[in-house]
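Numbers restart at 1 for each chain; the letters A, B, ... are given by sequence-line order, proteins then strands.
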Amino acid sequence: MIIAEGKPIKEILAMIDDYDKIIVAGCKGCVTVCSAGGQKEVEILSSALRLARKAQGKALDIKEVTLERQCDTEYLEPMREYADQYQAILSLACGAGIQFVAEKFRKQPVLPGVNTQFIGVTEEQGVWTERCQSCGNCLLHQTGGICPVTRCSKSLFNGPCGGSKAGKCEIDPQIDCGWQLIYERLKELGLLAKLEVVLPIKDWSTSRDGGPRKRIREDLKI
Amino acid sequence: MENYEPTVVAFCCHFCAYTAADLAGTMRLQYPTNIRIVRIPCTGKVDVRFLLEAFEKGADGVYVAGCLEGDCHFLKGNFRAKKRVALAKRILEDAGIGGERLEMFNMSAAMGPRFAEVAREMTERIRKLGPSPIKRPKSTAHSAERKEHRV
Ligand code: SF4
Ligand code: SF4
Ligand code: FES
């Protein structure tokens with residue numbers, strides 16, 4: 001899923017300073033699971049913003065809503081009923097969701113309530129870590145199911161580099177060396193021979209290289 | 001301001017602080033009438049939303065009182081509450097309300113005198129801090145109004 005983190009309250013207060021009627025819109029997708037922008041975070045943030053504004057002597061009227069998803073048109077539609085009555089929409093969805101709201105709702109500014117960080121997993125309750133950088137050409141079958149683009153700090157394809165020490169990365173001793181993980185996993189699987197194959201230079205044209213990406217499935221189009 | 005009487009909401013665990021409050025009563029101990037007790041099944045039930053809502057509804061101070069550490073009937077409820085109180089304190093600080101208006105205490109059901117002491121301690125702290133900043137803009141008229149409501 002996409003992992004995000006709530007923006008500091010002070011930053012949000014500065015963003016909404018000119019408004020006294022806003023929508024705080026959460027998303028029931030990824031940001032609910034990573035506790036950054038679900039219904040609960042909408043309620044906590046709204047409460048904090050109302051308190052802060054009352055303390056400043058400038059009341060703030062907030063419509064709290066949490067949509068099924070913000071990255072699909074149909075789930076944004078219900079907001080049409082009341083959106084025009086509000087001066088701004090503060091979205092707690094990921095960057096994709098926030099932009100989609102901004103595209104569909106043209107009459108008021110759409111503001112980010114979270115910082116979108118990475119594609120990752122819930123390692124344990126309250127701990128999320130990065131796993132994929134959406135390079136567009138997955139090679140996990142060659143690396144024991146561990147992504148060298150993401151898990152190796154230098155995104156090496158034939159690692160480890162000379163800085164790997166006791167299984168840790170030279171960039172930060174708190175970070176596991178991605179290539180050590182790959183080595184151990186392949187060893188476990190009895191597939192160490194895979195490491196003898198030199199991976200070719202990666203073709204990054206499937207990644208962020210050529211600008212924003214697009215996927216079309218003609219058979220699904222209506 | 002001189003007539004200001006703070007409203008302090010206390011979220012009390014049924015198994016300890018709430019029973020301690022009862023005991024304080026039975027022991028005829030004096031504690032400030034400013035305290036409004038909300039009984040909860042365990043402090044693990046406390047959510048950041050409740051704490052903020054209490055302030056939104058006009059509390060000048062809030063505290064959570066749970067079992068002694070290691071004595072929670074649900075094992076970790078009071079540790080969870082401690083972390084949530086810490087988070088809510090940061091939020092209140094950022095919102096300009098002040099994190100020191102919120103606190104967490106631990107006590108056993110047998111600690112009636114401690115319950116009264118905590119009630120006094122919190123009331124004093126909040127009295128010194130003055131009314132919640134959300135009430136301040138209309139302070140003078142407001143405190144007069146409030147006083148009328150109280151009698
Ligand atoms: S808007 Fe973002 S957070 Fe919400 S479901 Fe879509 S991708 Fe996930
Ligand atoms: S190889 Fe590419 S697609 Fe596969 S996990 Fe890594 S970044 Fe993601
Ligand atoms: S039972 Fe008292 S704090 Fe959990």
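- Heavy-atom contacts from other residues, nucleotides or ligands closer than 6.0 Å to NZ of B/K82 number 12 or fewer.
- Counting non-hydrogen atoms of other residues, nucleotides and ligands closer than 6.0 Å to CD of A/E74 gives a total above 12.
- Distance check, rounded to the nearest 0.5 Å: CD of A/E43 to CD of B/E53 gives 8.5 Å.
- Within a 6.0 Å sphere centred on NZ of B/K76, heavy atoms belonging to other residues, nucleotides or ligands number 12 at most.
- In the displayed structure, A/Y183 atom OH is contacted under 6.0 Å by at most 12 heavy atoms of other residues, nucleotides or ligands.
- Only the side chain of A/L13 comes within less than 4.5 Å of a heavy atom in chain B; its backbone stays farther off.
- Within a 6.0 Å sphere centred on CZ of B/F15, other residues, nucleotides and ligands contribute more than 12 heavy atoms.
- Environment of CZ in B/R28: sparse, with no more than 12 heavy atoms of neighbouring residues, nucleotides or ligands closer than 6.0 Å.
- Within 6.0 Å of CD on B/Q30 lie no more than 12 heavy atoms contributed by other residues, nucleotides or ligands.
- Closest approach of B/E56 and A/K54 over heavy atoms only: O-NZ, 3.8 Å.
- Proximity to chain A at a heavy-atom threshold of 4.5 Å picks out B/L92, B/D94, B/A95, B/G96, B/I97 from residues 92-106 of chain B, in numerical order.
- Atom NZ of A/K7 has more than 12 heavy atoms from other residues, nucleotides or ligands within 6.0 Å.
- Of the listed residues (A/L51, A/I9, A/I44), the greatest number of heavy-atom pairs within a distance under 4.5 Å of chain B belongs to A/L51.
- Listed here is the closest heavy atom pair of A/S47 and B/L52: OG-CB, 3.3 Å.
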